[in-house]
Amino acid sequence: MLDPDPSQQLSAADALAVTGLRFIDVRKAPARAASGRTVAGAEWHDPLSLGHADPLVTAEGPIAVFCVHGHEVSQYVCALLRLHGRDAHYVIGGYEALVAAGAPTAPLTEDGA
């Protein structure tokens, strides 16, 4: 696991309380497909293809990224976004913590979104 900067972390409850926060699902495709659901309104970005030229890197507004458990994958994506000056945080405990905190979920669409 990375040694994250505590300022990059958000608890699931805190993330859900922030108005205007853009949720980005960065779970790897197999884990996402196995769950069949995502946080309602979240966008999926494949963490294995996310790079310095991804549109997410230059988009505006605060972002909360989440993977399955809030470990390496979301911490990596958060670090990449912060490297480019984004207001990004990762959710401690990931998708599972968001669901436990009461985040509304939605089934994945046929196109995987």
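In this text, all values refer to a predicted model and were calculated from it rather than measured experimentally.
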Which residues share a side-chain contact (heavy atoms from CB on, under 4.5 Å) with [X], sequence neighbours left out:
X: Val68; result: Arg27, Ala31, Glu96
X: Ala59; result: Arg22, Arg86
X: Ala100; result: none
X: Asp54; result: His45, Leu50, Leu56, Val57

Test applied, side chain to side chain contact (heavy atoms under 4.5 Å, CB included); reference residue, Leu81; option that passes from Ile63, Asp87, Ile24: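 For Leu81, the side chain to side chain contact (heavy atoms under 4.5 Å, CB included) test succeeds with only one of Ile63, Asp87, Ile24, which is Ile63.
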Residues which pass side-chain hydrogen bond (donor to acceptor under 3.5 Å, both in side chains) with Thr58, listed by chain and number, not counting sequence neighbours: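 Expected list: none.
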Under the side-chain hydrogen bond (donor to acceptor under 3.5 Å, both in side chains) test, which residues partner Asp14, sequence neighbours left out?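 Asp14 satisfies side-chain hydrogen bond (donor to acceptor under 3.5 Å, both in side chains) with Ser11 once adjacent residues are dropped.
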Which residues end up grouped with Tyr95 if you chain together Ile, Leu, Val, Met, Phe, Trp and Tyr wherever their side-chain heavy atoms are less than 4.5 Å apart?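 Noted: Tyr95 shares its cluster with Leu10, Leu16, Val18, Leu21, Phe23, Val39, Phe66, Val91, Leu98, Val99.
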Interatomic distance, Ile92 atom CD1 to His69 atom NE2 [nearest 0.5 angstrom]: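 The NE2 atom of His69 is 15.0 Å from CD1 of Ile92, to the nearest 0.5 Å.
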CD on Gln9 to CD on Gln75, rounded to 0.5 Å: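 If I round to the nearest 0.5 Å, the distance is 7.0 Å.
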Minimum heavy-atom distance Ala101-Ala12, with the two atoms named: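 Closest pair (atom of Ala101, atom of Ala12, distance): CB-CB, 3.8 Å.
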Nearest atoms (heavy-atom pairs only) where Tyr90 meets Cys78: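 Minimum heavy-atom separation between Tyr90 and Cys78: N-SG, 3.9 Å.
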